[in-house]
Asks: 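What follows is a single structure, and I will ask about it in a moment.
Every chain is numbered from 1 and lettered A, B, ... according to where its sequence line falls, protein lines coming before strand lines.
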Number of protein chains: 2
Amino acid sequence: MPNISPRQLEAFVAVATTGSVGRAAQAIHLSQPAVSMALAELERMLGQALFDRVGRRLLLNEAGSALLPRAHEVLERLRELPASLAPSAAPGGQLHIGASNTVGNYLVGELLGGFVSAHPQVAVHLTIANTEQIVAQVNRFALDVGCVEGAVTHPDIEVLPWRQDRLVVCARPDHPLARRRRLAARDFREVRWILREHGSATRALTERALAALPPAAGLLELGQSEAIKQAVIAGLGIACLPEVAIADALAAGKLRVLSTAFLDLRRNLSLVVHRKRYRGPLLQGFLDSTRSAAPAPRGGRRSTA
Amino acid sequence: MPNISPRQLEAFVAVATTGSVGRAAQAIHLSQPAVSMALAELERMLGQALFDRVGRRLLLNEAGSALLPRAHEVLERLRELPASLAPSAAPGGQLHIGASNTVGNYLVGELLGGFVSAHPQVAVHLTIANTEQIVAQVNRFALDVGCVEGAVTHPDIEVLPWRQDRLVVCARPDHPLARRRRLAARDFREVRWILREHGSATRALTERALAALPPAAGLLELGQSEAIKQAVIAGLGIACLPEVAIADALAAGKLRVLSTAFLDLRRNLSLVVHRKRYRGPLLQGFLDSTRSAAPAPRGGRRSTA
DNA sequence: ATCCCCGTATCATTTTTATTGATGCCAAAC
DNA sequence: GTTTGGCATCAATAAAAATGATACGGGGAT
């Protein structure tokens with residue numbers, strides 16, 4: 001009775017997460033044939049294929065999906081063994097976190113601050129991409145946890161509410177609309193909007209808001225919130241951006257928020273985790289840190305308990 | 001960074017459970033030097049000893065005790081991987097159950113019946129020994145679960161109440177005491193008692209009862225309940241035995257129970273499991289099966305649910 | 001105190017296993 | 001139809017582990 005080796009599991013997990021034998025090989029520092037053979041041997045022992053070979057692509061099939069969480073867990077527990085003996089040693093491992101654009105750029109401190117200071121020996125990898133990509137990577141175990149804006153509805157993904165976020169419409173202080181106290185929808189005729197790219201959750205929410213306004217005079221599409229902010233400051237138009245993204249520019253007097261009380265621009269930021277993902281001490285610790293740190297308004301003050 | 005191999009864990013677990021490198025070697029079908037080297041390599045990688053070498057004996061030290069449950073769990077999860085893919089296949093593994101003398105001999109059906117019929121492919125190993133030995137083996141992971149009579153108070157052992165048991169005082173139907181309706185303590189002067197050996201939980205409880213009675217006229221000590229039963233039938237004396245052990249003899253009219261209502265001879269039978277033992281589907285299934293089957297009053301009748 | 005026995009640790013050799021680089025093969029893109 | 005990119009296969013090599021023999025060392029017996 002041949003036993004499953006950790007190398008085979010490692011190869012399988014790597015192939016599943018990267019989606020290709022070649023990338024998996026370089027991810028775990030092995031040659032391509034080694035990974036191919038390890039995977040083949042694993043499938044032979046299990047008596048069934050873990051991937052559907054469609055063309056030159058490997059797609060995780062049902063059996064593979066069932067195995068992936070368990071294999072991942074076994075490997076992680078195996079890696080945790082040495083650390084579990086040092087009594088009070090910090091875990092010291094790797095944590096792969098994904099974040100959407102807004103969160104990753106402007107809420108990094110709030111998201112990671114408490115955790116990294118409490119666990120200095122942990123190597124944290126932050127990947128920034130749009131919601132869809134983050135969720136996909138969490139789903140195939142390439143990321144341990146994601147923090148995104150959009151509402152996620154995937155059966156294998158668990159969504160943990162983190163905090164709320166608000167978009168605001170902003171303009172240069174000398175913009176005509178910026179001088180007025182109260183605004184109505186019809187005031188937004190003939191303005192030029194600057195938007196994020198398609199696929200962005202900020203863009204999606206902005207478009208929902210724009211539907212309630214008169215047609216825009218012109219559109220400008222930029223890939224980054226920061227770029228949009230600079231464009232608004234330069235007077236190229238007005239934009240709808242996360243308030244956390246323009247806090248500094250508001251304080252500096254370079255931007256002004258328009259009073260668009262008639263628009264509901266709030267949204268929920270959530271943490272997403274694979275439901276069957278093994279929550280080791282590191283991952284669990286991170287999730288706990290976000291739950292305890294989230295209610296605090298600012299990072300400067302520390303709670304006593 | 002050298003990784004821990006399953007072989008090393010297997011060797012470590014085997015040494016920990018058997019208490020000797022040699023026995024561990026033959027248990028996992030390896031040569032003695034192989035186990036010795038695997039263990040040495042594991043300790044080298046962990047940077048600390050798992051056993052205290054006192055003389056020619058290996059005693060699990062603190063670090064080893066911390067590692068054992070985790071190592072055991074990793075190995076079991078690894079073994080479970082193949083089975084987790086077959087959708088509705090029966091688990092099919094090994095389950096090592098320990099039982100004290102009374103339970104193992106007379107309550108086997110009640111203890112194992114429901115489980116083995118529900119899981120035909122599971123190989124069940126039943127070890128019979130006294131309470132102390134069973135607990136010791138559960139504690140060093142040599143047994144998955146034990147079923148004993150005595151009260152266990154070990155910090156690493158979890159005790160799950162199973163069912164109650166009762167001892168009864170019995171004699172031949174033609175014994176002078178067997179003919180009388182009501183008995184008192186003083187009626188037990190000048191009788192010959194037949195007891196179990198020292199170390200037996202039945203013996204301990206019997207002695208507690210005897211302390212409330214007049215001194216015995218004579219003692220006879222036998223190692224097995226069945227032997228005692230036959231001795232009582234042969235008229236060699238009276239005995240205090242589990243009622244489940246003499247049920248058939250009572251029905252056959254070969255024995256009679258004395259009405260000793262003034263003695264409290266009830267005791268609790270419990271399942272004992274190591275607190276940190278990984279409860280895989282097999283072990284968990286067995287524990288569940290005992291909890292659901294226990295409330296049934298007798299073995300002859302089957303409950304519908 | 002000394003000898004003997006039992007069990008573990010160590011050593012060199014052999015056997016097995018895994019890894020590598022090269023090559024064949026197939027499907028998709030041009 | 002040709003080319004490209006990627007996975008599977010093959011023989012050779014390198015690494016690791018298992019084995020049998022042996023050295024070491026602590027208890028128990030005399």
Asks: I'd like to know if A/Gln32 reaches the base of D/dA8 with its side chain such that a donor and an acceptor end up less than 3.5 angstrom apart.
Replies: yes

Asks: At 4.0 Å (heavy atoms only), tell me whether B/Leu30 reaches a base, stays on the sugar-phosphate, or touches nothing.
Replies: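 The answer is sugar-phosphate, as B/Leu30 gets under 4.0 Å only of primed atoms, P, OP1 or OP2.
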
Asks: Without decimals, in angstroms, what is the distance between B/Asp52 CG and C/dT8 P?
Replies: 15 Å

Asks: Counting heavy atoms from C-beta on, name the nucleotide in C/dT8, C/dT19, C/dA9 closest to the side chain of B/Ser20.
Replies: C/dT8

Asks: Under 4.0 Å between a side-chain N or O of A/Arg7 and OP1 or OP2 of C/dT19?
Replies: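 So the side chain of A/Arg7 is within the cut-off, an N or O lying under 4.0 Å from OP1 or OP2 of C/dT19.
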
Asks: Measure CD1/A/Ile4 against P/C/dT17 and give the value in whole Å, please.
Replies: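 Distance check: A/Ile4 CD1 to C/dT17 P gives 16 Å.
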
Asks: OP1 or OP2 of D/dC7 less than 4.0 angstrom from a side-chain nitrogen or oxygen of A/Ser36, does that happen here?
Replies: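 The answer is no; no side-chain N or O of A/Ser36 sits under 4.0 Å from OP1 or OP2.
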
Asks: Can you check the B/Leu59 CG to D/dG26 C1' distance for me, whole Å?
Replies: 14 Å

Asks: Would you indicate which nucleotide in D/dA17, C/dT20, C/dA9 comes nearest to any side-chain atom of A/Ala34?
Replies: C/dT20

Asks: Side chains of A/Glu158 and A/His274 only: does a donor on one sit below 3.5 Å from an acceptor on the other?
Replies: no

Asks: May I ask you to evaluate whether A/Ser31 reaches the phosphate of C/dT19, defined as a side-chain N or O under 4.0 Å from OP1 or OP2?
Replies: no

Asks: Determine, for B/Arg277 against B/Glu76, whether the closest basic-nitrogen to carboxylate-oxygen distance falls under 4.0 angstrom.
Replies: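 Here B/Arg277 pairs with B/Glu76 in a salt bridge, since their nearest N and O are under 4.0 Å apart.
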
Asks: If you count every heavy atom of other residues, nucleotides or ligands that lies below 6.0 Å from A/Glu132 atom CD, does the total exceed 12?
Replies: no

Asks: A/Glu41 has an atom CD; how far is it from atom P of D/dA8, in whole Å?
Replies: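 Interatomic distance, CD of A/Glu41 to P of D/dA8: 14 Å.
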
Asks: Between A/Tyr278 and A/Phe141, is the ring centroid distance below 6.0 Å?
Replies: no

Asks: Would you mind telling me which of C/dG21, C/dA9, C/dT10 lies closest to the side-chain atoms of A/Pro33?
Replies: C/dG21

Asks: Between D/dA16 atom P and B/Arg44 atom CZ, what is the distance in whole Å?
Replies: 11 Å

Asks: Can a side chain N or O of B/Arg23 be found less than 4.0 Å away from OP1 or OP2 on C/dG7?
Replies: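 For C/dG7, OP1/OP2 do not have a side-chain N/O of B/Arg23 under 4.0 Å.
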
